[in-house]
Amino acid sequence: MDITSPEFYTLAFVVAMALLALLLGRTEKKPSSTYIVQLLTAPDEEEREDAVRVEVLDDGKVHIERTGFTLGLDETVNLVFTIRDDECTVVEKKGRKRRGAMGDNMKGEVSVKCFRPMKYRVRYESQLTSTWATFSFDAASPAVKRVALNY
């Protein structure tokens, strides 16, 4: 085969593309898991900042405490967790059926067991207050993480 022939360049191009595909490889992501839990809310005597506190408990559950939001009459808060590999998105959504006065300062908490013991990149979005935060936390470490939500 002559080095100046079109067949040589075609074969060289095919080999180069095959090597490139082999080097880059396929990175398949696992399917995401979605969990929906209701935040247990109660009136808050203090007026605290719009924040979320994440703590890993001894039994492996992750305890989430949310402060600095208000709820109307008959409203609840649902947390929607979407977890894929080491990425987690938590979206706070309004629900119904809560007894209480309109405009009360509220706090809420929930414990979930949907995290594996590894480090996660988390995006927390609140549709209640139109705020969000991004942070990382290690579900294998019992450290407490407190993050303020921003506009």
Side-chain angles (χ1 to χ4, degrees), residues 12-151:
F13 178 74
V14 169
V15 170
M17 289 299 112
L19 284 174
L20 186 62
L22 183 65
L23 289 175
L24 293 178
R26 271 182 63 175
T27 56
E28 278 189 38
K29 285 194 167 195
K30 296 178 183 173
S32 62
S33 300
T34 303
Y35 306 92
I36 302 172
V37 295
Q38 185 173 354
L39 196 65
L40 303 173
T41 58
D44 193 1
E45 290 79 31
E46 301 177 39
E47 193 165 317
R48 298 192 237 183
E49 71 174 337
D50 203 8
V52 63
R53 181 179 174 272
V54 180
E55 177 182 12
V56 180
L57 303 176
D58 293 336
D59 59 359
K61 290 184 178 179
V62 174
H63 184 79
I64 298 172
E65 183 179 313
R66 175 75 165 88
T67 58
F69 62 97
T70 59
L71 289 177
L73 192 60
D74 294 333
E75 290 180 340
T76 61
V77 179
N78 296 319
L79 296 181
V80 180
F81 294 85
T82 305
I83 301 173
R84 174 183 279 161
D85 295 330
D86 66 340
E87 297 176 0
C88 175
T89 302
V90 182
V91 179
E92 210 175 72
K93 297 181 177 246
K94 257 186 203 178
R96 292 279 174 219
K97 301 284 189 231
R98 187 200 164 278
R99 295 181 304 275
M102 183 179 290
D104 284 347
N105 281 330
M106 302 298 290
K107 64 180 176 181
E109 58 186 309
V110 68
S111 294
V112 293
K113 183 134 176 113
C114 57
F115 293 98
R116 291 179 287 149
M118 59 185 284
K119 192 167 189 165
Y120 286 91
R121 295 180 310 209
V122 180
R123 178 172 174 86
Y124 192 99
E125 302 174 6
S126 173
Q127 292 182 351
L128 298 174
T129 58
S130 299
T131 55
W132 60 275
T134 57
F135 59 94
S136 64
F137 88 99
D138 191 354
S141 168
V144 176
K145 183 86 156 186
R146 182 170 172 81
V147 181
L149 300 178
N150 305 312
Y151 287 103

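Fair warning: this is a prediction, and the values are worked out from it, not measured in the lab.
The list of side chain to side chain donor-acceptor pair (under 3.5 Å) pairs with a residue in residues 49-59, not counting sequence neighbours, reads D50-R66, D50-T129, D50-T131, R53-E55.
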Output a table of donor-acceptor pairs, distance under 3.5 Å, between side-chain atoms of residues 82-89 and any protein atom two or more places apart or on a different chain; print 'none' if there are none.
residue, atom, partner, partner atom, Å
R84, NE, K30, O, 3.0
E87, OE2, R121, NH2, 2.4

Check residues 142-151 and write down every donor-acceptor pair under 3.5 Å in which the side-chain atom is one partner and the other belongs to a residue at least two apart or another chain.
residue, atom, partner, partner atom, Å
K145, NZ, S136, O, 3.2

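From S126, atom OG reaches atom NZ of K93 across 11.5 Å, with rounding to the nearest 0.5 Å. With rounding to the nearest 0.5 Å, the separation of CZ in R48 from CZ in F69 is 10.5 Å. Rounding to the nearest 0.5 Å places OG1 of T76 at 8.0 Å from CG of L71. The CE atom of M17 sits 9.5 Å away from atom CG of L19, with the distance rounded to the nearest 0.5 Å.
Using a 4.5 Å heavy-atom threshold, the side chains of Q38 and N78 count as touching. V54 is listed as a side-chain neighbour of V62, based on a closest heavy-atom distance under 4.5 Å. Between L79 and Y124, some side-chain heavy-atom pair lies under the 4.5 Å cut-off.
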For this session: Take V112 and F81 through the side-chain contact (heavy atoms from CB on, under 4.5 Å) test and state the conclusion after the steps.
Result: CA-CA 10 Å; V112 293; F81 294 85; 3.9 Å; yes

For this session: Assess whether salt bridge (charged side-chain N to carboxylate O under 4.0 Å, His left out) is satisfied between E109 and K107, documenting all intermediate values.
Result: CA-CA 7 Å; E109 58 186 309; K107 64 180 176 181; 6.0 Å; no

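Between H63 and S111, the shortest heavy-atom distance links the atoms ND1-OG, 3.0 Å.
Aromatic ring orientation, F115 versus Y120: perpendicular (interplanar angle above 60°, classes split at 30° and 60°).
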